[in-house]
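Side chains included, hydrogens not; waters and symmetry mates left out as well; all remaining heavy atoms used.
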Amino acid sequence: MDNHDEKESMEEALIRKAIGYDVQEITEEYSLENELVKRKVTTKHMPPDMSALKTLIELKSEEGDLSKMSDEELAQLKIKLLSQLEVLAKGDKNENNNSNKQG
């Protein structure tokens with residue numbers, strides 16, 4: 001994996017953490033004969049992380065320094081990022097729905 005791929009992967013993870021995500025936990029119980037007796041699948045929602053969102057905003061800011069931006073520029077940047085996050089969140093939900101239907 002080259003630096004560009006690593007950067008994209010880290011950015012995707014940061015976006016996921018900033019918007020929140022669902023994770024499946026699987027708990028399995030086996031008998032003494034090593035046969036599956038019980039399997040429980042639960043989905044937990046990991047809520048959005050504000051520090052990840054702040055980091056994402058700082059990374060996406062063209063200026064790099066939010067303190068130099070006017071309130072209007074910050075408001076425009078917020079709207080832009082929220083719309084990007086909404087599109088990404090819809091993509092994640094569609095992906096999760098497709099994988100749930102397959103399983």
Checking [X] now: which residues fulfil side-chain contact (heavy atoms from CB on, under 4.5 Å) with it, not counting sequence neighbours?
X: Ser83; answer: none
X: Met46; answer: Tyr21, Val23
X: Ala18; answer: Ala52, Leu53, Leu56

Could you list the cluster mates of [X]? Members are the ILVMFWY residues connected by side-chain heavy atoms closer than 4.5 Å, either directly or through other members.
X: Tyr30; result: Leu36
X: Ile79; result: none
X: Ile26; result: Val41

For Glu28, check salt bridge (charged side-chain N to carboxylate O under 4.0 Å, His left out) against everything at least two apart and list the hits.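 Glu28: salt bridge (charged side-chain N to carboxylate O under 4.0 Å, His left out) contacts with Arg39.
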Contacts of type salt bridge (charged side-chain N to carboxylate O under 4.0 Å, His left out), residue Glu86, not counting sequence neighbours: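 Salt bridge (charged side-chain N to carboxylate O under 4.0 Å, His left out) list for Glu86, sorted by chain: Lys90.
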With [X] via side chain to side chain donor-acceptor pair (under 3.5 Å) - residues at least two apart:
X: Thr42; answer: none
X: Thr43; answer: none
X: Gln84; answer: none
X: Glu25; answer: Lys44

[X] [atom1] to [Y] [atom2] distance, which is reported to the nearest 0.5 Å:
X: Ser31; Y: Lys38; atom1: OG; atom2: NZ; answer: 14.5 Å
X: Leu82; Y: Lys78; atom1: CG; atom2: NZ; answer: 6.0 Å
X: Thr55; Y: Lys17; atom1: OG1; atom2: NZ; answer: 9.0 Å

May I ask you to test the Ile19-Pro48 pair for a side-chain heavy-atom distance under 4.5 Å?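 Side chain of Ile19 against side chain of Pro48, heavy atoms only: no contact under 4.5 Å found.
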